[in-house]
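Report on the following structure.
Reckoned from all heavy atoms, side chains included, excluding hydrogens, waters and symmetry mates. In this text, all values refer to a predicted model and were calculated from it rather than measured experimentally.
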Amino acid sequence: MTGRRWYVPWLFLLPALAIAVCFFIVPFANTAVLSFTNASTLGGGTFTGTHNYTRLLHDDQFWQSVRNTVLYVVVVVPCLVVLPLLLAVLVQKKVAGVGFFRAVFYSPVVASMVVAGLIWSWLLSSDGLVNSVLRGLHLVAGPVPFLTDARLLLFSAIAMTVWKGLGYYMVVYLAALANVPRSLLEAAEVDGAGPVRRFRSVTLPLVRPTMVLVATLAAIGSAKVFAEVFTLSDGSAGPGGEARTLVYTIREVGLGLGGEAGYASAMSIVLFLGTLGLSVAVTRLNSREERA
């Protein structure tokens, strides 16, 4: 009877497998195939071998977007690993009003990217709140070009990403902190360890796997950033498009009737390999340090 029902577990898995095949595996395979063709957004195209990948090596626009994306990852990941952990430590205490602060810190997560972009555009515009405060305190003579200077625009988008991710990763850390044995903290306190020492010697090693998870998720998310740059720049990616990220460039290349779907697909495969390599590197580095 048991042998006749070997298919029952597969019936439960079938909906998830169907979704994965239709919306992930097939599109990825199609993108991989297109990356070796000169297809356009209207279809067609012929096999061109590795021409698209060779073309990437000499594309200044592509390398500029890669540099911006790498900068984005390098700045965002440490912020989203450390700051949410500190917030989680602050709001984990069961004191009056702590639920309000948890809700406040989490509220940016539930806001749509369009709403967040409008808020930050208003804050950072030349006559926005931030510039008004800076001028009121006589810290600057004129408005700071947060949204019109390419480098400042990129860092403004980074700040928006960190702001929007703080609450989400704070909740992740709260779950990890709840699993830290109270007995270990009490034993360390009996031994004379202060709050900082207890955090460094007891809490930090136990939440380290969660830190690795957060670092991996934050790296993947920041490598695929698009909406922040697009909304803050009104779709221009700054003067001359100098603040463009890799996903922004992929969209720009593949969009429209004259879009190059094959070339954009090659960029997408490079982005996939880069994020995959980054995830593997973070995981292996953590495993090596744990063995040491």
Inset, instruction - Search all heavy atoms of Gly254 against all heavy atoms of Thr41 and return the closest pair with its distance. - result: O-CG2, 2.7 Å
Legend entry - OG1-CG distance between Thr161 and Leu166, expressed to the nearest 0.5 angstrom: 10.5 Å
Inset, instruction - Grab the two heavy atoms, one from Val8 and one from Phe12, that are nearest each other, plus how far apart they are. - result: O-CD1, 3.2 Å
Inset, instruction - State, with a plain yes or no, whether a side-chain heavy atom of Val77 is found less than 4.5 Å away from one of Ser222. - result: yes
Inset, instruction - Using atom types as modelled and distance alone, determine if a side-chain donor or acceptor of Lys224 lies under 3.5 Å from a backbone N or O of Leu271. - result: no
Legend entry - Smallest separation among heavy atoms of Ala243 and Ala150, with atom names: CB-O, 3.7 Å
Inset, instruction - Look at the side-chain heavy atoms of Ile, Leu, Val, Met, Phe, Trp and Tyr, link any pair under 4.5 Å apart, and say whether Val109 and Trp120 land in one connected group. - result: no
Inset, instruction - Look at the side chain of Asn131 and the backbone N and O of Pro143, then say whether any donor-acceptor pair between them is shorter than 3.5 Å. - result: no
Inset, instruction - Please confirm whether the backbone N or O of Phe272 pairs with a side-chain atom of Thr275, one donor and one acceptor, at under 3.5 Å? - result: yes
Inset, instruction - Give a yes or no on whether the backbone of Tyr53 and the side-chain of Thr50 come within a donor-acceptor separation of less than 3.5 Å. - result: no
Legend entry - Non-hydrogen atoms of Met113 and Ala227 that approach each other most closely: CG-CB, 3.2 Å
Legend entry - Leu71 CG to Arg151 CZ distance, which is reported to the nearest 0.5 Å: 5.5 Å
Inset, instruction - Flag this pair as yes if the NZ/CZ of Arg251 is under 6.0 angstrom from the six-membered ring centre of Phe226 and inside a 45 degree cone about the axis; otherwise no. - result: no
Legend entry - Worked verdict on Gln61 versus Glu252 for side-chain contact (heavy atoms from CB on, under 4.5 Å): CA-CA 11 Å; Gln61 187 181 81; Glu252 195 175 53; 3.7 Å; yes
Legend entry - From Phe105 atom CZ to Leu174 atom CG, the distance as rounded to the nearest 0.5 Å: 11.0 Å
Inset, instruction - Linking directly or through intermediates, with side-chain heavy atoms under 4.5 Å: list the remaining ILVMFWY members grouped with Val190, chain and number order. - result: none
Inset, instruction - Calculate, to the nearest 0.5 Å, the distance between atoms CG and CG belonging to Asn52 and Leu57 respectively. - result: 11.5 Å
Legend entry - Any Asn38 side-chain heavy atom under 4.5 Å of Glu260 side chain: no
Inset, instruction - Report the distance from atom CD of Gln64 to atom OG1 of Thr245, rounding to the nearest 0.5 Å. - result: 11.0 Å
Inset, instruction - Output, in order, the C-alpha distance, side-chain angles, deciding distance and verdict of side-chain contact (heavy atoms from CB on, under 4.5 Å) for Phe62 and Val270. - result: CA-CA 11 Å; Phe62 168 76; Val270 171; 4.0 Å; yes
Inset, instruction - Could you state whether Leu232 and Val225 fall into the same hydrophobic cluster, counting links through intermediate Ile, Leu, Val, Met, Phe, Trp or Tyr residues with side-chain heavy atoms under 4.5 angstrom apart? - result: no
Legend entry - In one Ile/Leu/Val/Met/Phe/Trp/Tyr side-chain cluster, 4.5 Å: Val26, Phe23: no
Inset, instruction - Start with the C-alpha gap between Ile269 and Phe36, add the side-chain angles, then the distance that decides, and say whether side-chain contact (heavy atoms from CB on, under 4.5 Å) holds. - result: CA-CA 11 Å; Ile269 295 299; Phe36 294 101; over 6 Å; no
Inset, instruction - Of all the heavy-atom pairs spanning Leu246 and Thr69, show the shortest one and how long it is. - result: N-OG1, 2.9 Å
Inset, instruction - Search all heavy atoms of Val73 against all heavy atoms of Pro78 and return the closest pair with its distance. - result: O-CD, 4.1 Å
Inset, instruction - Determine whether Ile220 and Tyr169 fall in the same hydrophobic cluster, where Ile, Leu, Val, Met, Phe, Trp and Tyr are linked whenever their side-chain heavy atoms lie under 4.5 Å apart. - result: no
Legend entry - Residue pair Tyr248 / Asn68, side-chain donor-acceptor N/O under 3.5 Å: no
Inset, instruction - May I ask you to decide if Leu34's main-chain N or O and Ser265's side chain share a donor-acceptor pair within less than 3.5 Å? - result: no
Legend entry - Within-4.5 Å side-chain heavy-atom neighbours: Leu80 and Val162: yes
Legend entry - Polar side-chain atom of Arg102 near backbone of Val91 as donor-acceptor pair, under 3.5 Å: yes
Legend entry - Side-chain (Trp122) to main-chain (Gly128) donor-acceptor, under 3.5 angstrom: no
Inset, instruction - Side-chain contact test, heavy atoms from C-beta onward, threshold under 4.5 Å: evaluate it for Leu206 versus Pro181 and give yes or no. - result: yes
Inset, instruction - Apply the test side-chain contact (heavy atoms from CB on, under 4.5 Å) to residues Thr231 and Leu118: give CA-CA distance (whole Å), side-chain angles for both, the deciding distance (0.1 Å), then the verdict. - result: CA-CA 7 Å; Thr231 54; Leu118 290 174; over 6 Å; no
Legend entry - Atom pair OG1 (Thr203) and CG (Leu185), whose distance is rounded to the nearest 0.5 Å: 5.0 Å
Legend entry - Residue Phe146 excluded, over 12 heavy atoms near CZ under 6.0 Å: yes
Inset, instruction - Consider only side-chain heavy atoms of I, L, V, M, F, W and Y, link residues closer than 4.5 Å, and tell whether Val196 and Val202 are in one cluster. - result: no
Inset, instruction - Report, as yes or no, whether the 6.0 Å neighbourhood of atom CZ on Arg55 holds more than 12 heavy atoms from other residues, nucleotides or ligands. - result: yes
Legend entry - Under 3.5 Å side-chain donor-acceptor pair for Thr210 and Tyr173: no
